[in-house]
Amino acid sequence: MTQDIDPTEGGNWKPATTLVHGGTARSMFGETSEAMFLTQGFVYETAELAEARFNGEQPGFVYSRYANPTVAMFEQRIAALEGAEAARGTASGMAAVNLALMACCKAGDHVVAAKALFGSCRFIVETLLPRFGVESTLVDGTDIEQWKRAVRPNTAALFLESPTNPTLEVIDIQAVADIAHSVGARLIVDNVFATPLLQSPMKFGADVVVYSATKHIDGQGRCLGGVILSDEEWIVDEVMPFVKHTGPHMSPFNAWVMLKGLETLPLRVERQTATAKYLADELAGHSAVTRMIYPGREDHPQADVVRRQMKAGSTMIALEVKGGKEGAFSMLNALRLVKLSNNLGDAKSLITHPATTTHQSIGEEARAELDISDGLLRLSVGLEDAGDLLQDLTRALDRVG
Ligand SMILES: *Cc1c(COP(=O)(O)O)cnc(C)c1O
């Protein structure tokens, strides 16, 4: 195997270049496109070689639950983009989040997280961790004083996503990182909504970054996957034992899809972001829209944090329509181009009604606390023509009320 671009030289390359070449390891055949190594195990020419692989004297692969050449290419490519020392691919975004928290905590520790979390992330923090003796406190992520008050000497991890799902609040990563480090805790950032191109949490002090690769990294709605990025020492000492012994590692097939997805990620994110900004601006004035939330607009509640921390407003829009659930449903049912789906980051534009889908189970009180009204809709902007999308959305909004 030969290595295409040494990830240690990654700093010299712009993201678009890193995403095409980073991490490529060519086999003896010299293939142009990355090979898919669909293999569970690896063979050794001699017994001595097997022994050397197992005691670490000779680098190389031993079993795909631990590591696999195609998955390694994906890991090195995204690590080079993120500017992280190391990465591990996981079977899903949730496997990455769970791994990050498990690797940080032991019984007796404490975790602080922002309330506005992806549903399953909130379940891990609120329900699962306490079962194993890890207490958790939920705070309003945009209120820095609440983070300060919540940390304790035994706090092991702070956890947030920004922009948040589904109301697209933006949390000041640097401020939360400083609080984490003041008590010796790690800050974990779920960077899915921003994508690695529009926000680099590690530049603002995050210790661990996680992605659901299912979203923009695949970008065409095919495979589930995730990734956890951090410093080499922590990944080797704390994350690898979980990867090896509990089995959340990414499959080589999915890694190959994600690896190819990374090549076109900048093109897709740029276009989808430009269209999202255009739609947010055009639709903000529609008479059926009572609130337009887009991090790339000056009227966003945390516009100053967005300017410091993000390169652009991302591919996601949240909007509130007149008439509560009835208004929202009449709009959704009038759409022809934009599809109703709770997924995001796809080439196809997808819209969802959080109150009755992704955030149905948390109950009315928790929804009110998170500002998820019955008229709120979350739109993931795809790759369709911007004019066609505007036409479809406007026509549907015209039906409201
Ligand atoms: C989708 C998502 C996840 C979970 O990812 P899966 O790949 O579906 O497991 C976690 N966090 C955020 C912000 C997400 O959007």
Enclosure of [X] [atom1] (heavy-atom neighbours >12, cutoff 6.0 Å):
{"X": "Gln58", "atom1": "CD", "value": "yes"}
{"X": "Lys325", "atom1": "NZ", "value": "no"}
{"X": "Arg367", "atom1": "CZ", "value": "yes"}

State, yes or no, whether a side-chain contact exists between [X] and [Y] at a heavy-atom distance under 4.5 Å.
{"X": "Arg122", "Y": "Phe118", "value": "no"}
{"X": "Val125", "Y": "Leu101", "value": "yes"}
{"X": "Ser162", "Y": "Phe193", "value": "no"}
{"X": "Val183", "Y": "Pro153", "value": "no"}
{"X": "Val170", "Y": "Arg307", "value": "no"}
{"X": "Val239", "Y": "Trp234", "value": "yes"}
{"X": "Val269", "Y": "Leu198", "value": "yes"}
{"X": "Met316", "Y": "Pro163", "value": "no"}

Nearest-0.5 Å distance, [atom1] of residue [X] to [atom2] of residue [Y]:
{"X": "Ile351", "Y": "Leu344", "atom1": "CD1", "atom2": "CG", "value": "13.0 Å"}
{"X": "Met202", "Y": "Ile173", "atom1": "CE", "atom2": "CD1", "value": "11.0 Å"}
{"X": "Phe329", "Y": "Asp374", "atom1": "CZ", "atom2": "CG", "value": "9.0 Å"}
{"X": "Glu169", "Y": "Thr164", "atom1": "CD", "atom2": "OG1", "value": "4.5 Å"}
{"X": "Thr264", "Y": "Leu383", "atom1": "OG1", "atom2": "CG", "value": "8.5 Å"}
{"X": "Glu161", "Y": "Asp190", "atom1": "CD", "atom2": "CG", "value": "5.0 Å"}

Do any N or O atoms from the side chain of [X] and from the backbone of [Y] form a donor-acceptor pair under 3.5 angstrom?
{"X": "Arg88", "Y": "Leu99", "result": "no"}
{"X": "Gln146", "Y": "Asp140", "result": "yes"}
{"X": "His353", "Y": "Ala328", "result": "no"}
{"X": "His359", "Y": "Ala355", "result": "no"}
{"X": "Thr39", "Y": "Gly41", "result": "yes"}
{"X": "Arg395", "Y": "Leu335", "result": "no"}
{"X": "Gln272", "Y": "Leu267", "result": "no"}
{"X": "Ser380", "Y": "Gly345", "result": "yes"}
{"X": "Thr90", "Y": "Gly226", "result": "yes"}
{"X": "Thr394", "Y": "Gln391", "result": "no"}

Atom of [X], atom of [Y] and distance for their closest heavy-atom approach:
{"X": "Ile179", "Y": "Lys148", "answer": "CD1-CG, 3.6 Å"}
{"X": "Lys244", "Y": "Arg65", "answer": "O-NH1, 2.5 Å"}
{"X": "Val62", "Y": "Arg53", "answer": "CG1-CB, 3.8 Å"}
{"X": "Ala35", "Y": "Thr70", "answer": "O-OG1, 3.0 Å"}
{"X": "Met292", "Y": "Leu319", "answer": "CE-CB, 4.1 Å"}
{"X": "Arg186", "Y": "Asp207", "answer": "CA-OD2, 3.4 Å"}

I'd like to know if [X] pairs up with [Y] as an ion pair, taking the criterion as any Lys NZ or Arg NE/NH1/NH2 lying under 4.0 Å from an Asp or Glu carboxylate oxygen.
{"X": "Arg26", "Y": "Glu31", "result": "no"}
{"X": "Asp392", "Y": "Lys339", "result": "no"}
{"X": "Arg308", "Y": "Asp172", "result": "yes"}
{"X": "Glu270", "Y": "Lys311", "result": "no"}

Any donor-acceptor pair under 3.5 Å linking the side-chain atoms of [Y] with those of [X]?
{"X": "Glu82", "Y": "Tyr211", "value": "yes"}
{"X": "His21", "Y": "Thr24", "value": "no"}
{"X": "Glu326", "Y": "Ser330", "value": "no"}
{"X": "Glu384", "Y": "Ser349", "value": "yes"}
{"X": "His286", "Y": "Asp398", "value": "yes"}
{"X": "Thr195", "Y": "His216", "value": "no"}
{"X": "Ser136", "Y": "His110", "value": "no"}
{"X": "Asp178", "Y": "Gln174", "value": "yes"}

Is the ring centre of His300 less than 6.0 Å from the ring centre of Tyr294?
->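 Centroid distance His300-Tyr294: not below 6.0 Å, so no.
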Please work out whether the ring planes of Trp256 and Phe253 are parallel, tilted or perpendicular, with thresholds of 30° and 60°.
->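 The arrangement is tilted - the two ring planes meet at 30° to 60°.
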Could you walk me through whether Leu229 and Val208 pass the side-chain contact (heavy atoms from CB on, under 4.5 Å) test, one step at a time?
-> CA-CA 6 Å; Leu229 300 115; Val208 182; over 6 Å; no
Please assess Thr142 against Gln302 for the test side-chain contact (heavy atoms from CB on, under 4.5 Å), listing each intermediate value before the final yes or no.
-> CA-CA 8 Å; Thr142 60; Gln302 291 89 36; 3.6 Å; yes
Carefully, step by step, assess Val189 and Val210 under the rule side-chain contact (heavy atoms from CB on, under 4.5 Å).
-> CA-CA 6 Å; Val189 174; Val210 291; over 6 Å; no
Option among Leu187, Ile228, Val227, Asn191 that satisfies the side-chain contact (heavy atoms from CB on, under 4.5 Å) test with Val209 =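 Exactly one pass, corresponding to Asn191.
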With respect to Leu393, which candidate in Ile317, Val338, Leu377 satisfies the side-chain contact (heavy atoms from CB on, under 4.5 Å) definition?
->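 Going through the options one by one, the only one that passes is Val338.
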Excluding sequence neighbours, so at least two apart, what forms side-chain contact (heavy atoms from CB on, under 4.5 Å) with Gln220?
->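 With sequence neighbours excluded, Gln220 shows a side-chain contact (heavy atoms from CB on, under 4.5 Å) to Asp218, Arg222, Ala347, given in chain and number order.
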Mind running side-chain contact (heavy atoms from CB on, under 4.5 Å) on Trp147 and Leu160 for me, showing each step along the way?
-> CA-CA 11 Å; Trp147 289 97; Leu160 64 88; 4.1 Å; yes
Determine, step by step, whether Thr315 and Thr273 satisfy the side-chain hydrogen bond (donor to acceptor under 3.5 Å, both in side chains) criterion, reporting the C-alpha distance in whole Å, the side-chain angles of both residues, the deciding distance to 0.1 Å, and the verdict.
-> CA-CA 4 Å; Thr315 66; Thr273 298; 5.7 Å; no
